[in-house]
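These notes are about the structure you will find just below.
Counting starts at 1 for both ligands and their atoms, in listed order. All values reported here derive from a predicted model rather than from experimental measurement. Values reported hereafter were calculated over all heavy atoms of this structure, with side chains retained and with hydrogens, waters and symmetry mates removed.
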Amino acid sequence: MENYDVVVLGAGPAGLEAALASTKNGASTLIVERESKPGGILKQCIHDGFGLIRFGERLTGPEYAEKYIKMVKENNIAITTSTFAIDVKKEDKGFVLHLVNNKKGVYEVKCKALILANGCRERTSRQVFIQGSRPAGIFTAGTAQYFVNIKGYMPCKKCVILGSGDIGLIMARRLTLEGAKVLGVYEAKPNPSGLTRNIVQCLEDYNIPLHLSKTITKIFGEDRVKAVEISSVDEKMNPIEGTEEIIECDGVILSVGLIPENEIAEKLGIKIDRSTKGPYVDQNFMTSLEGVFSCGNALHVNDLVDYVSESGKCAGESAAAYLSHNNNRELNTIVYSKDFLYAVPQQIDTKSKNKQLTMYFRVKDIKENATVEINYHEKTIFKKKYKHLRPPEMERVLLNLDDIKFFQGKSLEIKMQEG
Ligand SMILES: Cc1cc2nc3c(=O)[nH]c(=O)nc-3n(C[C@H](O)[C@H](O)[C@H](O)COP(=O)(O)OP(=O)(O)OC[C@H]3O[C@@H](n4cnc5c(N)ncnc54)[C@H](O)[C@@H]3O)c2cc1C
């Protein structure tokens with residue numbers, strides 16, 4: 001049976017960086033990727049805007065991925081593509097992975113530490129409960145992006161987009177550039193879900209209307225989408241009777257959210273955070289199960305690839321460090337006030353040598369002139385006034401815990417004051 005110090009699941013930007021970091025820190029590493037080529041979601045993101053923080057350049061998704069693929073090759077890191085990880089079992093001294101591919105069939109690989117970098121998936125039409133039939137012409141934004149950018153197919157000629165997530169906004173522009181008519185983006189919430197820069201560059205620059213507090217209530221068509229019914233919604237997002245309008249179209253593109261892929265983590269009994277839908281981790285990105293690390297979109301949905309790579313690096317370094325010393329963790333929780341949607345990591349290992357904590361958080365609602373304060377046992381370790389805080393924009397804070405004296409069971413607290 002093949003045996004590695006570290007196995008990384010997923011060859012997206014998180015997994016590639018994690019594998020580089022674990023290899024550079026002396027761990028024999030294998031990357032397992034279910035698709036035929038490494039690069040993850042970046043392969044289909046042909047627009048630019050990637051890598052401004054990490055490389056100081058505006059790269060396209062494939063260019064950003066290529067830089068990492070090259071580094072993985074230069075470092076002779078083992079990678080198996082077209083290989084799906086179907087199961088993982090915990091053993092006394094590590095893990096046994098059940099992998100499947102068309103060369104070896106089902107086979108097993110052993111490792112001492114495992115990094116989950118398997119990204120996220122899109123919410124589908126089944127998960128948004130739209131009435132009507134299910135004709136051809138309904139796509140998630142990522143699938144439409146794959147058809148246009150990778151396969152060279154046009155999924156529709158005249159469409160509406162449901163949801164204002166970033167992929168939907170990017171696809172509104174992409175479909176317009178390819179000659180389709182995008183009739184509008186319909187968002188049930190009173191505020192857009194995507195980044196401001198994408199609202200401006202993908203909708204406003206192309207005169208594509210954004211309709212807030214509106215949703216699709218019915219889809220018409222037998223073989224192919226013929227029309228949709230749009231309704232206004234109240235503050236609880238329930239459709240308001242009498243506001244229905246019918247819009248003729250041949251396509252519906254859904255951009256209604258992403259969910260971290262965590263079937264493997266769940267099978268291992270790893271504790272999942274209901275807010276992020278990813279595992280609970282400490283500052284080393286170690287999950288509730290010792291020896292298993294999580295990073296990138298599998299941990300929480302990121303808007304910038306640079307932060308995905310950053311989390312991969314920390315997970316890779318931590319996995320390599322875990323091999324060389326017996327990890328005996330002592331975990332303190334991180335608690336946050338109701339203003340926050342989530343904060344990652346959710347715990348601090350107070351015995352860890354790593355006293356650098358990179359915290360990512362999102363707010364629940366839009367906040368203006370809000371001060372975020374992070375306290376530990378009556379000591380303020382971070383305080384910053386933010387002009388604007390918006391749920392689609394993830395914030396990142398660097399904390400140095402060197403001077404903190406930890407007490408067992410004492411939580412790190414994040415709170416906010418407005419005005
Ligand atoms: C449409 C779109 C536009 C974006 N635009 C920008 C932008 O302009 N700028 C920016 O900075 N960021 C952008 N992002 C965000 C950024 O690209 C992503 O956050 C990042 O690529 C996620 O990386 P990841 O490695 O966590 O996941 P992915 O890239 O999704 O990689 C996960 C990999 O794991 C593999 N995998 C999953 N399960 C298994 C399994 N069981 N066995 C084997 N392999 C498995 C998958 O096949 C995949 O290759 C965009 C994202 C999207 C979707």
Side-chain angles (χ1 to χ4, degrees), residues 7-19 30-55 57-65 68-69 79-88 97-101 109 114-122 140-146 148-150 165-174 194-195 197-198 201-202 253 255 257-265 267 278 285 294-313 315 360 392-394:
V7 168
V8 179
L9 278 192
L16 294 173
E17 176 70 280
L30 169 72
I31 309 172
V32 177
E33 170 55 52
R34 68 181 166 196
E35 290 186 359
S36 58
K37 287 184 185 145
I41 196 76
L42 295 178
K43 296 196 292 290
Q44 64 184 62
C45 298
I46 62 169
H47 58 282
D48 71 357
F50 295 83
L52 277 169
I53 303 170
R54 222 146 174 86
F55 296 110
E57 284 182 78
R58 283 182 82 87
L59 301 168
T60 63
E63 283 170 338
Y64 187 95
Y68 278 98
I69 294 167
I79 176 162
T80 173
T81 52
S82 303
T83 304
F84 192 69
I86 43 177
D87 202 7
V88 182
L97 287 101
H98 296 238
L99 306 179
V100 60
N101 65 29
V109 167
L114 175 66
I115 302 180
L116 302 174
N118 37 346
C120 63
R121 66 165 71 107
E122 296 176 283
T140 61
T143 305
Q145 189 179 52
Y146 175 76
V148 177
N149 293 352
I150 304 278
D166 288 309
I167 317 177
L169 302 178
I170 285 160
M171 281 317 289
R173 174 177 66 184
R174 188 80 190 103
L195 297 173
R197 74 163 194 219
N198 285 335
Q201 293 171 7
C202 302
I253 309 290
S255 181
L258 300 164
I259 313 168
E261 283 209 38
N262 274 301
E263 281 74 12
I264 291 201
K267 273 189 185 167
F285 292 90
S294 173
C295 54
N297 278 359
L299 178 60
H300 63 118
V301 175
N302 287 254
D303 30 70
L304 288 185
V305 73
D306 310 75
Y307 297 152
V308 164
S309 300
E310 179 178 70
S311 70
K313 183 165 189 281
Y360 308 93
E393 270 138 43
M394 193 182 80

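- Using a 4.5 Å heavy-atom threshold, the side chains of Ile53 and Tyr307 count as touching.
- Counting heavy atoms under 4.0 Å from ligand 1, residue Ala117 touches it through the backbone alone.
- Proximity of Ala14 to ligand 1, defined as any heavy-atom pair under 4.0 Å, is shared by backbone and side chain alike.
- Going from atom CD1 of Ile69 over to atom CD1 of Ile31 covers 9.5 Å, rounded to the nearest 0.5 Å.
- Near Asn297, the atoms of ligand 1 lying under 4.0 angstrom from a non-hydrogen atom of the residue are 18 (C), 19 (O), 22 (C), 26 (O).
- When hydrogens are left out, the protein atom nearest atom 38 (N) of ligand 1 is Asn118 CB, 3.2 Å; that is the closest non-hydrogen contact.
- With respect to atom 43 (C) of ligand 1, the closest heavy atom belonging to the protein is Arg34 N, 3.3 Å.
- By the 3.5 Å distance cut-off applied to N or O atoms, Phe50 is not counted among the residues near ligand 1.
- Using a 4.0 angstrom heavy-atom cutoff, Leu52 does not count as in contact with ligand 1.
- Atom 11 (O) of ligand 1 has its closest protein heavy atom at Val305 N, 2.8 Å.
- Distance check: Arg34 CZ to Asn101 CG gives 15.0 Å after rounding to the nearest 0.5 Å.
- In this structure, the side chains of Glu310 and Glu17 stay at 4.5 Å or more apart for every pair of heavy atoms.
- Contact check for Asp303 versus Pro392: no side-chain heavy atoms found under the 4.5 Å cut-off.
- Scanning the protein heavy atoms around atom 49 (O) of ligand 1, the nearest turns out to be Glu33 OE1, 2.7 Å.
- The shortest distance between side-chain heavy atoms of Val88 and Val7 does not fall below 4.5 Å.
- Residue contacts with ligand 1 for Thr83 involve N, CA, C or O but no side-chain atom from C-beta outward (heavy atoms, distance under 4.0 Å).
- Close contacts between ligand 1 and Val32 involve ligand atoms 43 (C), 44 (N) [criterion: under 4.0 Å to a heavy atom].
- Numbered from 1 in the order shown, with element, the atoms of ligand 1 that lie under 4.0 Å from a heavy atom of Arg197 read 7 (C), 8 (O), 9 (N).
- Remark: ligand 1 atoms within the under-4.0 Å shell around heavy atoms of Gln145 are 1 (C).
- Distance CD1/Ile170 to CD/Gln201: 9.0 Å, rounded to 0.5 Å.
- With contacts defined as side-chain heavy-atom distances shorter than 4.5 Å, the pair Glu57/Glu63 does not qualify.
- Ligand 1 has no N or O atom lying under 3.5 Å from any N or O atom of Gly15, backbone or side chain.
- In this structure, Cys45 counts as a contact residue of ligand 1, since one of its heavy atoms falls inside 4.0 Å of the ligand.
- Atoms CG and CG, on Leu52 and Leu59 in that order, are 8.0 Å from each other to the nearest 0.5 Å.
- Checked options Ile167, Leu169, Ile46; the residue passing with Arg174 is Ile46 (criterion: side-chain contact (heavy atoms from CB on, under 4.5 Å)).
- Under 4.0 Å from ligand 1, the heavy atoms of Asp303 that appear belong solely to its backbone.
- Side-chain contact between Pro260 and Val301 is present, with heavy atoms from C-beta onward closer than 4.5 Å.
- Distances shorter than 4.0 angstrom occur between a heavy atom of Leu42 and an atom of ligand 1.
- The nearest protein atom to atom 42 (N) of ligand 1, hydrogens excluded, is given as Ala85 N, 3.1 Å; this is a heavy-atom distance.
- Under the 4.0 angstrom criterion for non-hydrogen atoms, Glu263 is not in contact with ligand 1.
- No side-chain donor-acceptor contact under 3.5 Å links Asn118 to the backbone of Gly10.
- Shortest contact from atom 1 (C) of ligand 1 to any protein heavy atom: Ile167 CG2, 3.2 Å.
- The protein non-hydrogen atom at the shortest distance from atom 9 (N) of ligand 1 is Gly49 O, 3.3 Å.
- Taking distance alone, with nitrogen or oxygen atoms compared against 3.5 Å, Cys120 stays at or beyond that limit from ligand 1.
- Contact atoms of ligand 1 toward Asn302: 19 (O) (distance under 4.0 Å to a heavy atom of the residue).
- Within the 4.5 Å cutoff, side-chain heavy atoms of Leu114 are placed close to those of Leu116.
- Short contacts between ligand 1 and His47, defined as distances under 4.0 Å to a heavy atom of the residue, involve ligand atoms 3 (C), 4 (C), 5 (N), 6 (C), 7 (C), 8 (O).
- Residue Arg58 holds its CZ atom at 4.5 Å from CG of Asp48, rounded to the nearest 0.5 Å.
- Taking every non-hydrogen atom of Gly119 and a distance limit under 4.0 Å, the qualifying atoms of ligand 1 come out as 27 (O), 30 (O), 32 (C).
- Counting heavy atoms under 4.0 Å from ligand 1, residue Val308 touches it through the side chain alone.
- The distance criterion of under 3.5 Å between nitrogen or oxygen atoms is met by Pro13 with respect to ligand 1.
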Tyr64 and Ser309: side chain to side chain donor-acceptor pair (under 3.5 Å), yes or no, with the steps? CA-CA 11 Å; Tyr64 187 95; Ser309 300; 2.6 Å; yes

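- Put simply, CD1 on Ile253 and OG1 on Thr143 are 9.0 Å apart, with the number rounded to the nearest 0.5 Å.
- Residue, atom and distance of the protein heavy atom nearest to atom 34 (O) of ligand 1 are Gly10 CA, 3.2 Å.
- Closest heavy-atom approach to atom 28 (P) of ligand 1 among the candidates Val88, Ile41, Ile264: Ile41.
- Interface of Gly12 with ligand 1, defined as ligand atoms under 4.0 Å from a residue heavy atom, comprises 25 (O), 29 (O), 31 (O), 33 (C).
- Contact annotation: the side chain of Met394 approaches that of Asn302 to within less than 4.5 Å [non-hydrogen atoms, C-beta and beyond].
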